[in-house]
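Keep in mind it's a predicted model, so treat the numbers as computed, not measured.
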Amino acid sequence: MATSSPHASDRDLKKGDGLLNRAVKVLRVVSTYPNGIGLSELARLAEVPKASCFRIISTLEDEGILFTDEDTKRTRISIGALSIVGGLLTEGGTIRAIRDILSDLSEATGETTGFDMLQGSDVVVLMQNAGPSIIGQTLKQTPRIQPPWLTSTGKSLLSYRGPDEVRALLLPHYPQDNLNQLDLFIESLEPARVHGYAWLYGALERDAASVAAPVLIDEVPKYALWIGGPTYRITPENARQLGQLAIAAATKVATLLTAARELQGLNDPVSASSIGIGS
């Protein structure tokens with residue numbers, strides 16, 4: 001009778017681990033493309049051979065996790081997959097997932113990152129993640145409230161509103177001895193919307209700068225992600241690159257929150273009260 005090698009199961013396990021790791025890479029990439037992604041681009045971004053990527057897609061489609069549109073040939077996460085990650089899409093799980101996205105963004109940029117929302121005429125900083133270059137800087141307490149005209153997130157969130165609406169919202173709270181600056185702020189909103197990100201240099205603090213991108217839910221900016229640091233590291237020269245990283249992270253959060261809303265029936269999957277600030 002043939003006997004099996006004591007190391008055979010180990011070899012099988014390693015092979016399985018390799019396939020599982022590739023499947024996870026594929027899922028991570030697909031999850032950041034709510035409108036789907038083509039096979040070639042998916043294989044490149046996931047760093048998985050195209051043939052293996054195709055087999056993984058086919059298997060996950062059979063399990064109802066992925067869906068490939070026959071016309072566009074683009075693959076996306078299926079609605080059926082939400083039942084598998086239901087625990088992630090509860091309010092607490094969603095908050096943890098956003099913190100992970102902020103952590104990844106801090107690692108990619110070397111800067112502190114955060115997650116904000118607009119509440120009335122105030123920007124509320126709901127979460128933040130200290131970057132690896134935080135030495136020499138003080139990480140402020142969260143949640144906290146800041147004037148929208150002094151933050152890149154305020155500019156990003158208000159960029160989808162009309163000038164008259166923004167003026168009516170901010171005018172009662174804006175320093176009355178500096179109203180000409182309010183007009184300049186409003187003029188800067190259109191470029192922020194067109195580019196998909198906003199940035200401010202030395203507004204909230206003289207030596208601080210930040211870049212932010214809106215989290216769009218049904219094309220409406222409900223929240224915003226930001227990257228912040230000293231002005232000698234966040235400069236006009238690298239603002240566009242940081243803006244693109246912020247946009248990519250904001251897209252991930254938007255996909256997550258949209259899925260949470262669909263599964264849990266929550267209009268606002270993350271709220272100021274859920275983070276610990278009163279309504």
Side-chain angles (χ1 to χ4, degrees), residues 95-119 121-160 170 173-174 181 184-185 188-189 191-216 221-254 256-257 270 272 275-277:
I95 291 170
R96 289 193 298 273
I98 294 173
R99 292 191 187 281
D100 288 342
I101 293 173
L102 292 179
S103 178
D104 290 343
L105 186 58
S106 288
E107 184 176 351
T109 62
E111 303 294 352
T112 297
T113 58
F115 178 72
D116 297 3
M117 69 177 293
L118 191 66
Q119 188 175 60
S121 60
D122 296 317
V123 165
V124 182
V125 183
L126 298 173
M127 308 180 207
Q128 63 187 6
N129 185 82
S133 304
I134 193 67
I135 297 174
Q137 297 174 261
T138 302
L139 193 62
K140 296 181 179 179
Q141 184 177 1
T142 56
R144 64 180 181 272
I145 296 175
Q146 299 178 153
W149 57 85
L150 296 181
T151 66
S152 58
T153 48
K155 181 185 287 190
S156 180
L157 289 166
L158 292 173
S159 67
Y160 281 69
L170 300 184
H173 312 281
Y174 200 87
Q181 295 297 316
L184 294 176
F185 174 80
S188 71
L189 298 181
R193 185 185 63 78
V194 170
H195 294 135
Y197 67 91
W199 83 291
L200 277 179
Y201 189 88
L204 192 61
E205 297 178 15
R206 177 179 298 180
D207 299 324
S210 62
V211 178
V215 176
L216 300 175
K222 300 284 290 184
Y223 311 93
L225 263 66
W226 54 267
I227 303 165
T231 52
Y232 67 85
R233 285 203 304 263
I234 297 181
T235 66
E237 289 72 28
N238 67 7
R240 184 179 184 279
Q241 178 185 3
L242 293 174
Q244 297 306 310
L245 291 172
I247 290 172
T251 300
K252 291 180 181 179
V253 174
L256 176 71
L257 294 182
V270 178
I275 305 296
I277 188 171

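With rounding to the nearest 0.5 angstrom, the CG atom of L126 is 9.5 Å from the CZ atom of R99. L200 CG to W149 CH2: the interatomic distance, rounded to the nearest 0.5 Å, is 12.5 Å. To the nearest 0.5 angstrom, L105 atom CG is 12.5 Å from D100 atom CG. The distance from the CG atom of D122 to the CD1 atom of I145 is 5.0 Å, given to the nearest 0.5 Å. If you take CZ on R240 and CG on L245, they are separated by 11.0 Å, rounding to the nearest 0.5 Å.
Atom CD of Q181 sits in a crowded spot, with more than 12 heavy atoms from other residues, nucleotides or ligands closer than 6.0 Å.
Here Q146 pairs with V125, R144, T151, L204 under the side chain to side chain contact (heavy atoms under 4.5 Å, CB included) rule; sequence neighbours left out.
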message: Under the criterion side-chain contact (heavy atoms from CB on, under 4.5 Å), I'd like the reasoning laid out for L102 against M127: C-alpha separation, chi angles, the key distance, then a yes or no.
response: CA-CA 9 Å; L102 292 179; M127 308 180 207; 3.9 Å; yes

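Using a 4.5 Å heavy-atom cutoff, the side chains of L189 and Y160 are not in contact. P148 has its side chain within reach of L158: a pair of non-hydrogen atoms, C-beta onward, lies under 4.5 Å apart. No side-chain heavy atom of S152 sits under 4.5 Å from any side-chain heavy atom of V211. Under the 4.5 Å side-chain criterion, counting only non-hydrogen atoms from C-beta, Y223 is not in contact with I98. Residues F115 and I101 are not in side-chain contact: their nearest non-hydrogen atoms beyond the backbone lie 4.5 Å or more apart.
Distance alone, capped at 3.5 Å, is enough to place a donor-acceptor pair between the T251 side chain and the I247 backbone.
For the residue pair L157 and M117, the shortest heavy atom distance occurs at CD1-C, 4.0 Å. Of all heavy-atom pairs between P230 and E111, the closest is CD-OE1, 4.0 Å. Closest approach of T153 and A224 over heavy atoms only: CG2-CB, 3.8 Å. For the residue pair P214 and G196, the shortest heavy atom distance occurs at CD-O, 3.4 Å. Here the shortest heavy-atom pairing between A198 and A192 reads CB-CB, 3.7 Å. The two atoms that bring N238 and R233 nearest to each other are ND2-O, 2.6 Å, heavy atoms only.
Every pair passing salt bridge (charged side-chain N to carboxylate O under 4.0 Å, His left out) that includes a residue from residues 202-211 is listed here, sequence neighbours excluded: K140-E205.
Between W199 and Y197, the distance from one ring center to the other does not fall under 6.0 angstrom.
Each of T113, D116, T112 was evaluated against W226; a single residue qualifies, D116, per the side-chain hydrogen bond (donor to acceptor under 3.5 Å, both in side chains) test.
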